[in-house]
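Everything on this sheet refers to the single structure shown next.
Atoms considered below: every heavy atom in the structure, side chains included; atoms not considered: hydrogens, waters and symmetry mates.
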Amino acid sequence: MNDKLIKSVSEAGIVGAGGAGFPTHVKLAAQAETVIINGAECEPLLRVDRQLMEKEAGKLLRALDLIVESAGASRGVVALKRHYHEAAAALRGELAAHPALSLCELGSFYPAGDEQVVVYEAAGRIVPEGGIPLNVGVIVVNVETALNILAAYEEGLPVTDKYLTVTGAVRSPKSVKVPIGITVSEAIELAGGATVADYAVINGGPMMGMTVAPDSVVTKTTKGLIVLPSGHSLLTSLKKPLERSIRDAAIACMQCSLCTEVCPRHLLGHRIEPHKMMRIAAYGSVCDAKQSPMNAYLCVGCRLCEYACVMGLQPWKFNASIKKTLTQNGVKNNLRDTPERCGSFRDYKLYPVSKLLRQLGLAEYDRAAPMESGEYRFSKVALPLRQGAGAPAVPVVAAGDCVARGELIAKIPDGKLGSNLHASIGGRVTFVTENVIIITSKATE
């Protein structure tokens, strides 16, 4: 284990850049047999990972070698989709200098970038129910996260910026590098602004992302911003009340099992069968001795079930409500089986992204979003003290303090899971609470 690496990553405040924001220094403290860079970009329309792999291929492989060595792993793999031709070519051009590393090219299916799907595709191992990749000797790291690790280790640079794709109903879709803490509306303006007057914004991807207000801010986990007209069908789906989803499940579910047939975790052999969960709405039971409401914990919320359903039902939303009820009542997930094999005919049931885009009504927005290399200046940033999983950071600055870009402004509480926070612009601290630190650049004072 490389203690310098762990310390550098912890001090830099690095969290998973493409998911729940788990503190990376904790993940890197483990030993594993295989390390995977996840460049498969789970969500449609997002472009950042493939662009970074093409632009920073050499650095990415150096980062992977560093993690492999620290974890005591025997190999490292970069997993990316087969049609990422430019990224694959750039990586192959650098591979000769990295004998322990290789590429794994995945098909264009959803959700190819799901962590457990990547582990199966790239390492041939099935993560146990309720488990993590480390349970099968694998560490998975996002592309941007890996580059942040290298910058922290080699240059001592903290996380102050975020790469994100701004797309959808905007004039000029693009991927940009921006300071953490700018507003969503400021990021949208970098893409020429919205092309419609009345719109909503999805933070993340169209499948697992959530709608956010224009005045909300970019954080360490923001991966993309998708602007959609307010009446778009995807927004209607997301806003559909849970009570209506449950009523529709009770009335319209015909138990065809199509949702189960395409469920990514079911196809890995996990005991999640969405169509049986739907029986609870109509009958108050799953009607199967081998299933129980507990099986809802195995749902990852990818929403693919909704688009496989001929009735447009939402098993994912129903599963989420069951999980919430169980959690509120102190019932923890005790499902821990490790499947011996994946589901039958899995390879023939993988869901094409092209089909999904049409169903989502997003085909018109599947456009190039070139990465801009310029740096942008902003007059103010608002930095939430919680930037991912764990406890919020504790401020080490006060209102009135002058800070430089990259300076530590909030620290992980002793003995707590979390991540340090650094100033993303230079300026004066104008506001500090238990939730946020606001910095205003000196140029605007």
Side-chain angles (χ1 to χ4, degrees), residues 1-19 21-32 34-41 48-73 75-80 84 87-88 90-104 118 122 138-164 175-180 220-221 223 371 373 375 387-388 405-406 408 419-422 424:
M1 185 185 303
N2 187 330
D3 291 334
K4 178 189 172 184
L5 174 66
I6 308 302
K7 183 181 179 185
S8 299
V9 169
S10 176
E11 291 179 347
I14 300 174
V15 301
F22 189 79
T24 304
H25 67 279
V26 177
K27 182 181 288 190
L28 297 186
Q31 297 289 282
T34 302
V35 178
I36 300 173
I37 298 294
N38 184 358
E41 270 172 331
V48 165
D49 285 347
R50 74 183 77 173
Q51 293 164 336
L52 286 176
M53 285 187 289
E54 178 186 359
K55 181 181 178 182
E56 305 287 4
K59 288 184 178 180
L60 183 64
L61 295 182
R62 286 215 317 272
L64 181 51
D65 260 338
L66 183 64
I67 302 168
V68 165
E69 181 181 3
S70 178
R75 65 175 184 140
V77 182
V78 179
L80 71 167
Y84 292 179
L91 289 164
R92 286 196 194 96
E94 301 282 347
L95 272 177
H98 305 273
L101 310 184
S102 62
L103 303 187
C104 175
V118 165
V138 179
I139 292 174
V140 181
V141 179
N142 171 267
V143 171
E144 186 178 354
T145 307
L147 293 172
N148 286 339
I149 290 169
L150 188 70
Y153 183 76
E154 292 188 345
E155 303 176 64
L157 296 178
V159 177
T160 57
D161 300 293
K162 192 71 186 72
Y163 286 98
L164 63 151
S175 294
V176 293
K177 180 183 180 182
V178 297
I180 295 165
K220 294 179 183 180
T221 60
K223 201 67 182 176
M371 179 172 284
S373 57
E375 291 190 4
Q387 291 275 337
R405 172 178 161 84
L408 181 70
S419 62
N420 289 340
L421 184 62
H422 302 79
S424 58

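Every residue two or more places apart in sequence or in another chain that forms a salt bridge (charged side-chain N to carboxylate O under 4.0 Å, His left out) with Glu144 is listed here: Lys162, Lys223. With sequence neighbours excluded, the residues satisfying salt bridge (charged side-chain N to carboxylate O under 4.0 Å, His left out) with Asp161 are Arg405.
In this structure, the side chains of Gln387 and Ile180 come closer than 4.5 Å at one or more pairs of heavy atoms. Counting only heavy atoms from C-beta outward, the side chains of Ile37 and Val141 approach each other to under 4.5 Å. Side chains of Thr24 and Asn148 form no contact here, defined as non-hydrogen atoms less than 4.5 Å apart. For the pair Leu52 and Leu60, the minimum side-chain heavy-atom distance is 4.5 Å or more.
Residue Glu69 holds its CD atom at 9.5 Å from CG of Leu5, rounded to the nearest 0.5 Å. The structure places CD1 of Ile14 at 14.0 Å from CZ of Phe22, a figure rounded to the nearest 0.5 Å. To the nearest 0.5 angstrom, Leu150 atom CG is 13.0 Å from Thr145 atom OG1. For the atom pair CG of Leu164 and CE of Met371, the computed distance is 9.0 Å after rounding to the nearest 0.5 Å. Within the model, atoms CG of Leu64 and CG of Leu147 stand 11.0 Å from one another, a figure rounded to the nearest 0.5 Å.
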Quick one: do His98 and Arg62 satisfy side-chain contact (heavy atoms from CB on, under 4.5 Å)? Show the steps, please.
CA-CA 8 Å; His98 305 273; Arg62 286 215 317 272; 4.2 Å; yes

Please report the C-alpha distance between Glu41 and Val143 in whole Å, then the side-chain angles of each, then the deciding distance to 0.1 Å, and finally whether the side-chain contact (heavy atoms from CB on, under 4.5 Å) criterion is met.
CA-CA 9 Å; Glu41 270 172 331; Val143 171; over 6 Å; no

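Here the closest non-hydrogen pair linking Asn2 and Ser70 is N-OG, 3.1 Å. Considering all non-hydrogen atoms of both residues, Ile139 and Ala30 come closest at CD1-O, 3.9 Å.
Between the side chain of Lys220 and the backbone N or O of Gly13 there is at least one donor-acceptor pair closer than 3.5 Å. With His25 contributing its side chain and Ser419 its backbone, the two residues share no donor-acceptor pair below 3.5 Å.
Donor-acceptor pairing under 3.5 Å is lacking for the side chains of Tyr163 and Gln51.
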